[in-house]
Amino acid sequence: MDDALLIVKGLKMYFPVTRGLLRRKIAEVKAVDNVSFDVKAGETLGLVGETGCGKTTTGRCILRLYRPTAGQIIFEGLDISYLHESKIRSIRRKMPLIFQDPYSSLDPRQSAGSIVGEPIKFHGLVSNKKEYKERVADLFRMVGLNPDMMNRVPHEFSGGQRQRIGIARALACEPSMIVCDEPISALDVSIQSQIINLLEELQDRVEGLSYLFIAHDLSVVRHISNRVAVMYLGRIVELTESKKLYDNPLHPYTQALISAIPIPDRAVEKHRKQIILRGEVPSPLNPPDGCHFHPRCPVAIPDCSQILPPLVDVGDSHQVACIRVKH
Amino acid sequence: MKQRRKRQEKFMEERPPMSGWRRFARVFFGRKVVLFGLIVLALYVLIAIFADLIAPYDYKQINLQQVLAQPSGEHLLGTDTAGRDVLSRLIYGIRPTLIVGSATILIAAVCGTILGLIAGYFGGWIQTIIMRCIDALMGFPMLLLALVIAAVLGGGMKNIIIALGVASIPTFARVMCAQTLIIKENDYIIAGRSLGFTNWHLMWNHIVPNAFPPLVILATMNIGMVILMEAGLSFLGIGIQAPDAAWGSMVSAGYNRLTSNPMLSVAPGIAIMLIVFSLNMVGDGLRDAVDPRLRGTL
Amino acid sequence: MALLTVENLKTYFHTDFGLVKAVDGVSYEINEKEIIGIVGESGCGKSVSQLSTLQLITSPPGQIVDGKVIFEGRDLLQFSANGSEMRSIRGGQIAIIFQEPMTSLNPTLSVFQQIGEMLELHLKMDKEMQRKHSIELLKQVGIPDAERRIDDYPHQFSGGMRQRVMIAMALSCNPKILIADEPTTAVDVTTQAQLLALMQNLVNQYNTSLIIVTHNLGVVARYAERIYVMYAGRIVESGTCDDIFNQPKHPYTIGLLKCVPRLDEAEGTKLVPIEGLPPNLINMPSTCAFLPRCPYSIDKCREEVWPPLKRVNGQYVSCYVDTRR
């Protein structure tokens with residue numbers, strides 16, 4: 001754990017549900033509930049889960065875009081969980097965000113060059129104008145864009161190119177980690193792979209660059225990540241190396257998730273066992289008692305509705321939160 | 001690989017540029033009525049600038065020998081009760097009209113934008129307090145509010161500008177607040193925060209520029225209204241008074257001679273109508289050209 | 001004789017920037033009780049071609065310029081778009097499910113009112129029968145507590161449940177063909193699995209043919225019997241599911257299969273992206289639209305017009321190059 005760039009311990013983010021003029025709190029949405037993980041330098045950690053599982057909130061909590069309800073966020077050895085807003089700014093720059101929607105994540109009135117250059121200027125990362133220009137042009141080349149296109153505005157670019165601009169902007173901050181929040185799900189299939197390859201290339205080129213890769217598509221997450229954390233209703237249910245996750249998924253939810261993802265290969269598809277889950281994801285406003293997954297779980301036992309299983313290491317750094325899994 | 005990238009770039013060039021300007025120009029200049037408005041406005045501005053060269057007489061020159069002359073070759077629009085040339089007064093009257101219109105809107109737009117921006121960006125109790133005050137201000141009829149302010153501060157152009165300016169703040173504040181609330185939700189604002197930018201940086205560099213088009217449209221449309229109100233105040237005797245030339249007071253000075261000397265009221269009346277109409281048409285054109293979705297909201 | 005045969009369908013849009021040939025000479029067919037997949041990226045014309053068969057294209061700007069849609073021996077394009085024949089076919093004979101259930105359901109009517117409307121229109125049922133039948137349908141698509149939920153409004157359902165309601169509505173009149181236009185794009189993977197399995201079951205049960213329109217090759221791999229791959233308004237390859245996945249022949253299909261990460265891939269696998277961008281459909285050159293992105297291109301591709309589909313070992317491919325070599 002010494003080489004961990006980011007350590008998240010027992011992170012909780014509850015959003016109050018209020019009603020009336022006085023904003024009386026009537027309930028709480030436990031968007032993120034007791035989440036712990038770490039990201040090592042140069043590593044990619046995938047965070048995967050379905051809509052409303054709290055993966056995006058987790059990402060934004062780490063950036064302290066929200067004030068966490070409880071827990072600790074330690075980034076580069078510094079506890080930033082409750083740091084004052086004015087101090088957090090210089091730290092945020094070290095872990096910028098990349099967004100899902102390449103259309104709303106770029107200011108439509110800025111030129112591509114100034115979008116990429118803005119963080120450099122704001123944080124004073126270069127000393128003179130010439131250096132600034134070179135740096136921006138370098139960033140453009142790094143993400144596979146022609147520096148000649150610097151003066152164009154976002155709507156003159158395609159979705160994939162916009163996403164490249166977003167990546168260049170994130171790199172401009174000289175980050176140690178990039179939080180990628182569904183960076184490819186809004187793109188066309190043929191463009192997605194270009195962006196995935198770009199992210200992988202950048203990791204090879206920028207030493208020690210880590211990604212927190214948040215997505216709903218397990219096959220993409222597995223492809224790009226070293227380790228994967230599977231979230232369900234605000235909690236991590238399984239965390240392991242991406243290879244093990246497919247070869248030996250332990251949590252019943254992970255198993256169902258894997259079986260639900262079609263593989264574009266007829267021969268493989270014919271022989272796969274499919275687990276069709278019952279019902280739907282319950283509301284995070286009112287999660288089931290015990291293990292949150294038990295009402296839909298194909299292997300649930302009566303105890304599952306009583307005990308909320310903690311995430312435990314079952315050996316070989318494979319963590320899982322299920323009482324049915326033998327250690 | 002290199003060759004492929006080159007091909008890719010070429011491919012990129014071949015896409016027709018989706019020029020926003022081209023669309024804007026086509027919609028904006030494509031309408032005859034907008035073009036008409038623009039021409040009228042340009043003429044008004046030119047006349048205001050070169051009033052000294054164009055006006056046939058000194059607009060303050062009283063000539064008691066020629067009181068209430070009918071239109072003739074000598075005085076194209078006749079003279080008023082003090083024998084001043086109506087055409088010259090009409091020409092000089094453009095200046096206060098345009099000054100009051102633009103200065104008022106400038107004050108209202110600056111104050112309204114700042115208030116709306118702060119209210120919308122920070123939200124919460126800050127928004128509640130600011131917007132409630134604005135609502136209270138809006139509760140007064142605009143003309144009444146201007147009347148009260150003018151009554152307290154006295155007449156004259158400067159006070160008229162202040163009075164109308166304050167009365168117009170709510171419109172801008174509300175539009176700006178609504179715009180800010182919408183723009184704030186865009187990912188690029190969250191992106192800015194994630195890059196460590198300060199709130200002020202985000203507000204001035206990202207929210208204001210994006211809220212600009214509707215504000216400009218609103219301003220254009222509101223100048224007409226302000227001009228109309230200035231005329232109304234001058235008509236009621238609170239605004240700009242003789243011997244200074246103002247269209248509102250000219251209409252008021254001539255309206256009881258409507259049958260004998262119709263030009264005294266009709267000429268400034270038409271001048272007012274024409275500029276307000278032009279401004280509204282240009283405003284409409286701007287709105288539809290910039291963003292057709294704004295139709296109905298502005 | 002196929003149940004539905006589409007021949008040389010052309011749908012163009014007249015836009016501010018020029019003529020968009022969204023669908024440019026598309027032919028396909030579907031047999032009884034068959035499941036076919038139409039695969040392509042956004043803007044390739046897969047949805048427009050489906051809307052065109054039902055004459056659901058808004059005109060202007062859209063216009064069906066040419067082609068035939070033969071359904072049970074009649075050419076649907078001969079009927080007027082809003083005539084009674086077309087209306088009885090839509091929903092009654094050929095039903096369609098859209099990607100976004102919230103926008104295709106009327107938010108002001110309860111689910112029962114909407115299904116009932118269909119039953120009344122197409123099957124002339126009375127109110128009591130409508131209710132019984134609607135509840136039966138909701139049960140079939142797996143909506144729990146159907147008796148009570150039938151009077152709920154669309155917003156009271158979750159995304160997956162809404163899509164189930166859409167399926168119930170589509171199947172209410174026992175159509176011969178069900179068109180599912182990106183039915184699972186807006187829902188999560190586990191819900192997607194539920195919905196696809198449900199559709200497959202129902203289609204079997206009702207003897208309905210199913211057209212799955214999707215950008216996800218994985219979805220069709222599991223369910224479809226035959227696949228049509230579309231690019232830039234045309235079909236570039238078609239064949240049985242096994243053939244398309246085992247021996248894709250068009251460079252685009254090959255690229256598509258290599259560029260998506262697979263769940264079962266070995267560690268360290270590199271993706272092979274399709275370089276470049278999907279084409280802009282305005283003012284397209286007459287050469288192959290995939291040419292600027294094609295790694296196999298030869299001189300002939302640059303000189304000659306877009307190749308017509310030709311038969312290669314049971315598949316139809318629109319390419320001059322023999323990609324097997």
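First the proteins, then the strands, lettered A, B, ... as listed; each starts at 1. Keep in mind that the numbers below use all heavy atoms, side chains included, and drop hydrogens, waters and symmetry copies. None of these values were measured; they are calculated from a predicted model.
- For the atom pair CE (Met161(C)) and CD (Glu280(A)), the distance works out to 4.0 Å, reported to the nearest 0.5 Å.
- To the nearest 0.5 Å, atoms CG (Leu257(A)) and CG (Leu263(C)) are separated by 8.5 Å.
- Of the listed residues (Gln192(A), Arg278(A), Arg222(A)), the one with the most heavy-atom contacts under 4.5 Å to chain C is Arg222(A).
- Taking OG of Ser190(A) as the start and CD1 of Ile274(C) as the end, the distance is 4.5 Å to the nearest 0.5 Å.
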Chi angles and distances behind the side-chain contact (heavy atoms from CB on, under 4.5 Å) call for Leu218(A), Val189(C):
CA-CA 9 Å; Leu218(A) 188 56; Val189(C) 266; over 6 Å; no

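- Once rounded to the nearest 0.5 Å, the distance linking OG of Ser219(A) with CD of Glu265(C) reads 8.0 Å.
- In terms of the ring pair (Phe, Tyr, Trp, His ring centres under 6.0 Å) criterion, residue partners of Tyr228(C) (sequence neighbours excluded) are, by chain and number, Tyr28(C).
- Residues of residues 190-202 of chain C having a heavy atom under 4.5 Å from any heavy atom of chain A, listed by number: Thr190(C), Thr191(C), Gln192(C), Ala193(C), Gln194(C), Ala197(C).
- The contact between Glu50(A) and chain C is made by backbone and side chain atoms together, counting heavy-atom distances below 4.5 Å.
- Side-chain contact check for Ser42(C) versus Val189(A): every heavy-atom pair is 4.5 Å or farther apart.
- Within the model, atoms CG of Asp188(A) and CG of Leu256(C) stand 10.0 Å from one another, a figure rounded to the nearest 0.5 Å.
- Annotation: ring pair (Phe, Tyr, Trp, His ring centres under 6.0 Å) contacts of Tyr232(A) (sequence neighbours excluded): Tyr253(A), Phe293(A).
- Closest approach of Ala221(C) and Ile263(A) over heavy atoms only: CB-O, 3.7 Å.
- Contact annotation for Val220(C): only backbone heavy atoms (N, CA, C, O) come within less than 4.5 Å of a heavy atom of chain A.
- The two residues Ile261(A) and Arg222(C) have their closest heavy-atom pair at O-NH2, 3.8 Å.
- Looking at Leu245(A), neither its backbone nor its side chain comes within 4.5 Å of chain C, counting heavy atoms on both sides.
- A heavy-atom distance below 4.5 Å is not found between the side chains of Ser193(A) and Val272(C).
- Chain C forms the most heavy-atom pairs under 4.5 Å with one residue out of Lys243(A), Glu200(A), Gln274(A), and that residue is Gln274(A).
- Contact between Gly276(C) and Gln194(A) at its shortest, heavy atoms only, is O-NE2, 3.1 Å.
- For Val111(C), the side chain to side chain contact (heavy atoms under 4.5 Å, CB included) criterion is met by Ile115(C), Leu138(C), Phe157(C), Val165(C), not counting sequence neighbours.
- Contact annotation for Val268(A): only side-chain heavy atoms (C-beta onward) come within less than 4.5 Å of a heavy atom of chain C.
- Ranked by heavy-atom pairs under 4.5 Å with chain A, the list Leu217(C), Asp264(C), Leu257(C), Asn216(C) is led by Asp264(C).
- Note: Asp265(A) leads Ile195(A), Val221(A), Val220(A), Asp265(A) in heavy-atom pairs under 4.5 Å with chain C.
- Heavy atoms of other residues, nucleotides or ligands lying less than 6.0 angstrom from CD of Glu147(C) number more than 12.
- Counting heavy-atom neighbours within 6.0 Å of Tyr316(C) OH, excluding the residue itself, gives a total of 12 or less.
- Only the side chain of Asn197(A) comes within contact range of chain C, with heavy atoms under 4.5 Å apart.
- In this structure, the separation between CD on Glu41(C) and CG on Leu187(A) is 10.5 Å, given to the nearest 0.5 Å.
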Go through Thr240(C) and Arg266(A) one step at a time and tell me if the side chain to side chain donor-acceptor pair (under 3.5 Å) criterion holds.
CA-CA 10 Å; Thr240(C) 64; Arg266(A) 183 70 161 182; over 6 Å; no

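- With a 4.5 Å cut-off on non-hydrogen atoms, Arg272(A) touches chain C through its side chain but not through its backbone.
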